[in-house]
Colleague: 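Below is one structure. I have some questions about it.
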Amino acid sequence: MKTLPQIIKWLNASPSPFHVVENLKEELLRLGFSELKEKKAFVLEKGGKYFVTRNHSSLIAVALPKEDETAPFKVVAAHTDSPTFKLKPNPVIKKGNTLQINVEPYGGMIMSTWLDRPLGIAGRVFVKKKGKPEEKLVQIDKNLLQIPNVCIHFNRDVNDGYKWNPAVDLIPLFGQEKDDFDFLSYLQKECKIDGEILSHDLFLVNRDKAEKVGLHEEFLSSPKLDDLGCLYSVLLGYGDSVNEKAINVFAAFDNEEVGSLTKQGADSTFLKDVLHRINLALGGNEETFSQRVAGGFLLSADNAHANHPNHPELSDATTHVEMNRGIVLKYNANQKYTSDAESAAYLKSLASSAKVEIQEFTNRSDLKGGSTLGNLSNAQVSFSSCDIGLPQLAMHSANELCGVKDFEAMRKLIAAFYND
């Protein structure tokens, strides 16, 4: 399987975290994994491959060795969500004969990049079926909405630093309608839904597709590269691996962009719950669980900042991160990133053996960095850990930019980690 074409295919089929998890499930089933349910007992076989989901937006997969004893956990974690706008429960705003859709920001996006571009809607709805709620994934895959800018004649200061108000400036235009308009009836008809819609988790979708750009097509421009570029590269590396001496774990968490505090986030008990149940199903106890964790390792895979050619002054004096130059190893003295001397030494040694180039990143000391997965998941299960990522520009824009070679580098590094 070629890396970049598959990454592009998955990016273009990922309008919401729920669709992302469907993509992950489909690939894992193709690789011979079986689905477990949290509400049922975990019945496992040595050498078996399994996955379990939570909220249909987070997923954890495990590949078991044939010989167990106290095989350690080897974990790579990434996230399924990206900054966007979420529809409110009763979203229609009517002004005259104009319809708008009421939304609120999800995560810390660059707001201006969402204006003046065609947008769709995707997510999930719950439908009443035989008196019970039933989940259904939905996508309105067409140019449905747009957030129109105020013309420069009415906003002369727009190029001098304008502060966007999400309750005023960022409400998308939906259409014109003379009669009363019912959004749920529209959604029901448009998505061919049989049954009463009880509730929904719906998001705006940037309609741009993942495409190669640049003089030599050396870059990939796409929505959601943070963190789906990492997530899908890790998935491919996971599929390339076989390890008879470790329990290989692939974790995809939702809600990283809003703090990971949900039941399916990295700061929840999801990872701990699954690892405990795996250990017990293999005949282990609290002592063997502690041994598996102590002998294990976690890679937190979330994208990193490349040096910006227009603003080199924003990068630290000794940080030189470039796209198409390999994987970024991230450090922070205040432990926003979990890499330390010991874990970094292991990763560098591993990367050298795999012939993958490593770049090192720290923020400028007067600029606050973003949060990620490693330190949050370690609050629940404490592994030796590193934070890594693909180098990118325009993080949290509606469209982001990565180097095309780095996806293959991530895939190779992850396969080497799981095979080590």
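Values in this document were obtained by computation on a predicted structure and should not be read as measured data. Sequential numbering from 1 along the given sequence is applied to the chain's residues.
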Colleague: Have Asn303 and Gln392 got a donor and an acceptor in their side chains that come within less than 3.5 Å?
Modeller: yes
Colleague: Check whether any side-chain heavy atom of Lys224 sits under 4.5 Å from a side-chain heavy atom of Pro83, and report yes or no.
Modeller: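 No; the side chains remain at least 4.5 Å from each other.
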Colleague: Determine whether the side chains of Ser221 and Glu211 contain a donor N or O and an acceptor N or O closer than 3.5 Å.
Modeller: no
Colleague: Can Asp273 and Arg54 be counted as an ion pair, charged N to O under 4.0 angstrom?
Modeller: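 Answer for the salt bridge query: yes.
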Colleague: Thinking salt bridges, do Glu244 and Lys66 make one under a 4.0 Å N-O criterion?
Modeller: no
Colleague: Consider only side-chain N and O atoms of Asp302 and His79, and report whether a donor and an acceptor are under 3.5 Å apart.
Modeller: yes
Colleague: Could you tell me whether Glu357 and Lys412 make a salt bridge, using a distance below 4.0 angstrom between a side-chain N and a carboxylate O?
Modeller: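 Not counted as a salt bridge, because no side-chain N and carboxylate O are separated by less than 4.0 Å.
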Colleague: Side chains of Glu26 and Leu29, heavy atoms from C-beta outward: is any pair under 4.5 Å?
Modeller: no
Colleague: For the pair Lys348 and Glu360, find out whether any cationic side-chain nitrogen is under 4.0 Å from an anionic carboxylate oxygen.
Modeller: yes
Colleague: Tell me whether Glu104 is salt-bridged to Lys86, with the criterion being a basic N under 4.0 Å from an acidic carboxylate O.
Modeller: no
Colleague: For the OG1 atom of Thr80 and the CG atom of Asp227, what is their distance to the nearest 0.5 Å?
Modeller: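 Rounded to the nearest 0.5 Å, the OG1-CG separation comes out at 9.5 Å.
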Colleague: Does a donor on one side chain sit under 3.5 Å from an acceptor on the other, for Tyr162 and Asp169?
Modeller: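 There is such a pair (donor and acceptor under 3.5 Å, judged by atom type) between the side chains of Tyr162 and Asp169.
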Colleague: Heavy atoms only: give me the nearest Asn206-Pro223 pair and the separation to one decimal.
Modeller: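 Looking at all heavy atoms of both residues, the closest pair is ND2-CG, 3.5 Å.
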Colleague: Testing Leu137, Val125, Val138, Ile197 one by one against Cys191 for a side-chain contact (heavy atoms from CB on, under 4.5 Å), which residue passes?
Modeller: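 Output: one option passes, namely Val138.
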Colleague: Is it the case that over 12 heavy atoms from other parts of the model lie below 6.0 angstrom from the NZ atom of Lys25?
Modeller: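 Counting neighbours around NZ of Lys25, more than 12 heavy atoms of other residues, nucleotides or ligands fall under 6.0 Å, so yes.
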Colleague: By the definition side-chain contact (heavy atoms from CB on, under 4.5 Å), identify the one residue from Leu28, Val274, Val62 that meets it with Tyr50.
Modeller: Val62
Colleague: Are the side chain of Thr288 and the backbone N or O of Thr70 linked by a donor-acceptor pair below 3.5 Å?
Modeller: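 No: the side chain of Thr288 does not pair with the backbone of Thr70.
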Colleague: Test salt bridge (charged side-chain N to carboxylate O under 4.0 Å, His left out) on Arg207 and Asp141 and set out the steps.
Modeller: CA-CA 8 Å; Arg207 296 271 297 148; Asp141 191 19; 2.4 Å; yes
Colleague: Kindly give the heavy-atom pair with the smallest separation between Phe33 and Ala61, and that separation in Å.
Modeller: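 Closest approach of Phe33 to Ala61, heavy atoms only: CE2-CB, 4.1 Å.
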Colleague: Taking all non-hydrogen atoms of both residues into account, name the closest pair between Asp387 and Gly374 and its distance.
Modeller: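 Here Asp387 and Gly374 meet closest at OD1-N, 4.1 Å.
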Colleague: Quick one: does any side-chain atom of Asn332 pair with a main-chain N or O of Asn334 as donor and acceptor, under 3.5 Å?
Modeller: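 Such a contact is found between Asn332 side chain and Asn334 backbone.
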Colleague: Would you say Asp316's side chain and Phe361's backbone share a donor-acceptor pair under 3.5 angstrom?
Modeller: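 No, the answer is negative, given that no donor and acceptor are paired below the 3.5 Å cut-off.
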Colleague: Quiz question: by atom type and distance under 3.5 Å, do the side chains of His216 and Glu218 form a donor-acceptor pair?
Modeller: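 Absent: no donor and acceptor within the cut-off.
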Colleague: Is it true that Asp420 and Tyr346 share a donor-acceptor pair across their side chains at a distance under 3.5 Å?
Modeller: yes
Colleague: Does a donor on one side chain and an acceptor on the other come within less than 3.5 Å for His56 and Glu22?
Modeller: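 His56 vs Glu22: donor-acceptor pair found between side chains.
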Colleague: Does either side chain, that of Asp208 or that of Asn399, offer a donor lying less than 3.5 Å from an acceptor on the other one?
Modeller: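 Checked: Asp208/Asn399 side chains pair up, N/O donor to acceptor below 3.5 Å.
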Colleague: Show, in sequence, the C-alpha distance, side-chain angles and deciding distance for Leu115 and Trp164, and conclude whether the side-chain contact (heavy atoms from CB on, under 4.5 Å) test is met.
Modeller: CA-CA 11 Å; Leu115 278 74; Trp164 305 98; 3.7 Å; yes
Colleague: Regarding Asp81 and Tyr106, do their side chains bring together a donor and an acceptor under 3.5 Å, going by distance alone?
Modeller: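 Looking only at side-chain atoms, Tyr106 and Asp81 do form a donor-acceptor pair, the distance falling under 3.5 Å.
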Colleague: Cut-off 3.5 Å, side chains only: do Arg411 and Ser233 have a donor facing an acceptor?
Modeller: no
Colleague: Less than 4.5 Å apart, any side-chain heavy atom of Leu87 and any of Phe203?
Modeller: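 They are not in contact (no side-chain heavy atoms under 4.5 Å apart), so the answer is no.
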Colleague: Does any N or O in the side chain of Asn243 come within less than 3.5 Å of the main-chain N or O of Tyr418, such that one atom is a donor and the other an acceptor?
Modeller: yes
Colleague: Is it the case that Asn55 and Arg124 place a side-chain donor and acceptor less than 3.5 Å from each other?
Modeller: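 Short answer, yes.
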Colleague: So which atom in Thr84 and which in Trp114 form the shortest heavy-atom distance, rounded to 0.1 Å?
Modeller: OG1-CH2, 3.5 Å
Colleague: Ion pair present between Lys129 and Glu134, side-chain N to carboxylate O less than 4.0 angstrom?
Modeller: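 Here Lys129 does not pair with Glu134 in a salt bridge, since their nearest N and O are not under 4.0 Å apart.
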Colleague: Between Thr269 (side chain) and Lys272 (backbone), is there a donor-acceptor pair under 3.5 Å?
Modeller: no
Colleague: With a 4.5 Å cut-off on side-chain heavy atoms, are Leu376 and Glu256 touching?
Modeller: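 The answer is no; the side chains never approach within 4.5 Å.
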Colleague: Can you confirm whether more than 12 heavy atoms, excluding those of Lys209, are under 6.0 Å from its NZ atom?
Modeller: yes
Colleague: Is any side-chain heavy atom of Ile171 closer than 4.5 Å to a side-chain heavy atom of Ile101?
Modeller: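 When only atoms from C-beta onward are counted, Ile101 and Ile171 do not touch, as no gap falls below 4.5 Å.
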Colleague: Quick one: are Thr113 and Met111 in side-chain contact, heavy atoms under 4.5 Å?
Modeller: no
Colleague: If I take atom CG from residue Asn279 and atom CZ from residue Phe42, how far apart are they, to the nearest 0.5 angstrom?
Modeller: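 Reported to 0.5 Å precision, the distance equals 12.5 Å.
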Colleague: Measure across Ile327 and Gly389 and return the closest heavy-atom pair with its distance rounded to 0.1 Å.
Modeller: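 Shortest heavy-atom separation between Ile327 and Gly389 comes out as CG2-O, 3.6 Å.
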Colleague: Is the closest side-chain heavy-atom distance between Lys74 and Phe417 below 4.5 Å?
Modeller: yes
Colleague: Are the side chains of Thr338 and Thr372 in contact, using a 4.5 Å heavy-atom criterion?
Modeller: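 Side-chain contact under 4.5 Å: no.
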Colleague: If we ignore angles and hydrogens, is there a donor and acceptor under 3.5 Å between the side chains of Asn23 and Tyr232?
Modeller: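 Yes - a donor-acceptor pair under 3.5 Å links their side chains.
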Colleague: Rounded to the nearest 0.5 Å, how far does CG of Leu275 lie from CD1 of Ile60?
Modeller: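 Between atom CD1 of Ile60 and atom CG of Leu275 there are 6.5 Å.
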Colleague: Would you please say whether a donor-acceptor pair under 3.5 Å links the side chains of Ser260 and Asn255?
Modeller: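 There is no such pair between these side chains.
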Colleague: Let me confirm one number: the OG-NZ distance from Ser300 to Lys330, rounded to the nearest 0.5 Å.
Modeller: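 Answer for the OG-NZ pair, Ser300 versus Lys330, is 6.5 Å.
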